[in-house]
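No experiment lies behind these values; they were computed from the predicted model shown. First the proteins, then the strands, lettered A, B, ... as listed; each starts at 1.
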Amino acid sequence: MISLAGRDIMHAWGKFVFTGVGLGLLIGITLSMAGIYRGMVDDAKALLDNSGADLWVVQKDTLGPYAEPSSIYDDTWRAIRGMPGVARAANITYLTMQVRQGESDVRTMVTGVTTGEPGTPGWPPYLVAGRQITRSHYEAVADVATGFALGDRLQIRRNHYTVVGLTRRMVSSGGDPMVFVPIKDAQEAQFLKDNDAIRQQRRRTTANPAFNYPGNPGLLNAVIASQSTNPYVNAVLVQIEAGHSAEDVAESIRRWKRLTVYTRSQMEEILVGKLIATSAKQIFMFLVILSVVSAAIVAFIIYTLTLGKIREIAVLKLIGTRNRTIAAMILQQAIALGMIGFVVGKIAATLLMAPIFPKYVLLEPLDSVIGFVAVVVICILSSIIAIRAALKVDPAEAIGG
Amino acid sequence: MADRQKKGIRIEALRKRYGKGDTAVDALKGVDMQVAPGEVVGLIGPSGSGKSTLLKCLGAVIEPTAGRMTLGEEVIYDDGWKMPDLRALRRDKIGFVFQAPYLIPFLDVTDNVALLSMLTGRSNGESRKRAMELLEALDVVHRAKALPAQLSGGEQQRVSIARALVNRPPVILADEPTAPLDSERALAVIRILNQMALQYETAIIVVTHDEKIIPTFKRIYHIRDGKTQEETGEGRAFE
């Protein structure tokens, strides 16, 4: 038996390909939306993986340091380091801000890391160029996505930093590339007031008789000094010694230090389930809307193509063609249209959309398989209207009168 | 002759009523007709006389209200359809030639003819062989690979005749087959129908308004107000 659908497609291939390309761009956007969601999840996981931590110790009853603000004293790490089962502990601060370079600025997540040796929690696990931070001040390691190069001078608040290393795929859960600086600089940047505010505060403190009374001249200086320093960090990252359970160590820290501690799986749940949940819902809604629009377009196209063949369908029915042969012709055309659309969409998403999209787009093979199945199902459902119209055609229409 | 008439098509007291009650219209009021294998008869009548209704009843497209229709030795209608599968009846036992050829635009000439044979379950090879034989008989074999849009009106009509014949049906119903053609081509089509009727032992009923072909029929059925009247025609096509 001849493939009626195949012959019709070959006869009007230009129309099919053109329509398929249009549909494909829509499918490409749909695949890219799924890729954006996957990219967000992957960014979140990359943030956790790259921190090198097994536990995150944060301010009690907060979801810090990523989903909520968290402040703990910067000497807490010492007490944690001494607890059984802890291999390493290091302070960390995160600060999302614009980093200036010359006349332009880049949105980044400035991360304050403890200077030490490679493998210290919070450090970028690998570099693509340059070296790690070795000095306690004014050196930076930047993600390549910032556009910075080795030797570039950055400005964070009032201070300038030299880029000494470049890393890759070090991003915040929002996709902002990271800039690593020494923790002391990050602490200062996080709470540093402008000069006018510092002067005003000093004037007020000096005018306060509780801090500035005769017979205790050192008190005023001590108060002013405490006001212009920042003894807080956002979290302590902990690495567990081999042979110890992360949950047991976390429980011990919770009990004795009255701090909140998250394990890797809990932190992943916070990031994926809470921090990017709203974005995920928005993307899901876009996916639903795009799927409905795709279905409507396929249905409309197939219906229009079928209406254009009503006379031929009437003749086919009159000369004895079975309904299932006619239905199969329409169905095969709908599926063929979907397949052309999917191939175009996949190519468009992979080569056109993902590389230029400002966020990380992760196109998973499984998503492509699901997308392909969804496209085929949508095409099958969309062809139902056209099939119903074709089956309703009266073979008598082929005979005049 | 008696045996040939047995194998043709016979219609007795065929009636068709549209609607019910006060609005009912009797389109056919007891039509009698008989066409033998190898015979081409004309069915003529004014607009609204019931020609198309009769053709649709004969073509098993609409159901008559009463009467009897016999195709060959098989009763296909006797106050109700006697065949369980009308689609198969149309495919295997009835050929159609339309006013416009209505060829499938995306199939070439060979496959337009062969398709109907393939629908009966014959292999593609056998169906195409049958199609080529008919195209040769109808003198359009040189256009076998052409698409319908590349053919002239006369060539398209010859292809549609080949399609109607491919399953060797006992009867062919031709609805105004010469309407879009000039006199020369119209007469050529009627000549071909006569040749094919004889060659394939097929009974052919030609519905027509076309004055130039009416003299070619040996027998003519006039249909007027839902009833037929048989007349002997001039039969010029055979002389």
Side-chain angles (χ1 to χ4, degrees), chain A residues 1-20 301-302 304-334 336-337 340 386-387 390-401, chain B residues 27 47-62 85-96 98-108 110-112 114-124 127-128 147-149 160 163-164 166-167 169 173 175-176 179 207:
Chain A
M1 183 64 192
I2 307 167
S3 165
L4 293 174
R7 294 296 186 87
D8 193 16
I9 291 169
M10 292 309 290
H11 181 244
W13 66 269
K15 187 165 59 179
F16 263 86
V17 169
F18 188 70
T19 310
I301 292 166
I302 293 297
T304 309
L305 289 173
T306 304
L307 287 190
K309 290 196 287 274
I310 284 293
R311 198 76 180 189
E312 284 81 14
I313 289 169
V315 172
L316 284 169
K317 292 178 86 169
L318 183 68
I319 64 178
T321 309
R322 285 187 293 265
N323 278 343
R324 69 165 182 262
T325 306
I326 294 167
M329 177 179 79
I330 296 167
L331 186 63
Q332 285 165 14
Q333 286 184 343
L337 194 61
I340 294 169
I387 289 172
L391 297 188
K392 275 186 186 166
V393 172
D394 186 354
E397 282 185 30
I399 299 175
Chain B
S47 287
S49 59
K51 296 191 304 290
S52 292
T53 300
L54 178 57
L55 207 63
K56 287 171 186 172
C57 289
L58 295 176
V61 176
I62 60 172
D85 186 355
L86 296 180
R87 196 182 296 274
L89 172 71
R90 290 199 298 269
R91 186 187 63 206
D92 301 337
K93 303 277 172 77
I94 303 168
F96 293 92
F98 308 102
Q99 183 173 345
Y102 297 141
L103 300 173
I104 308 299
F106 49 84
L107 296 182
D108 64 23
T110 311
D111 284 342
N112 255 290
L115 175 65
L116 199 55
S117 174
M118 291 173 190
L119 290 174
T120 64
R122 286 190 199 97
S123 69
N124 289 7
S127 298
R128 288 201 174 104
L147 289 170
S160 79
R163 179 174 65 183
V166 75
N167 283 340
L173 306 175
D175 181 22
E176 306 267 13
V207 174

Any chance you could lay out the side-chain contact (heavy atoms from CB on, under 4.5 Å) test for B/F106 and A/K309, step after step, and finish with the verdict? CA-CA 11 Å; B/F106 49 84; A/K309 290 196 287 274; 4.0 Å; yes

Just do the side-chain contact (heavy atoms from CB on, under 4.5 Å) check on A/L316 and B/L115 with the steps written out, would you? CA-CA 10 Å; A/L316 284 169; B/L115 175 65; 3.6 Å; yes

Measure B/F96 against the heavy atoms of chain A and call it side chain, backbone, both or neither at under 4.5 Å. side chain

Under 4.5 Å to a heavy atom of chain A? For B/L89 that would be neither

B/L119, part contacting chain A, at a heavy-atom distance under 4.5 Å: both

Is there any residue in residues 317-330 of chain A with a non-hydrogen atom under 4.5 Å from a non-hydrogen atom of chain B, and which ones are they? A/K317, A/L318, A/I319, A/G320, A/T321, A/R322, A/N323, A/M329

Is it the backbone or the side chain of B/R122 that comes under 4.5 Å from a heavy atom of chain A, or both, or neither? neither

If you measure from CD1 on B/I104 to NE2 on A/H11, what distance do you get to the nearest 0.5 Å? 11.5 Å

Rounded at 0.5 Å granularity, tell me how far CG in B/D108 sits from CZ in A/R7. 6.0 Å

Nearest 0.5 angstrom please: B/M118 CE to A/L4 CG, how far? 9.5 Å

Show your reasoning for whether side-chain contact (heavy atoms from CB on, under 4.5 Å) applies to A/E312 and B/L107. CA-CA 11 Å; A/E312 284 81 14; B/L107 296 182; over 6 Å; no

Is any side-chain heavy atom of A/V315 less than 4.5 Å from a side-chain heavy atom of B/L103? no

Using non-hydrogen atoms only, which part of B/D111 is less than 4.5 Å away from chain A: side chain, backbone, both, or neither? both

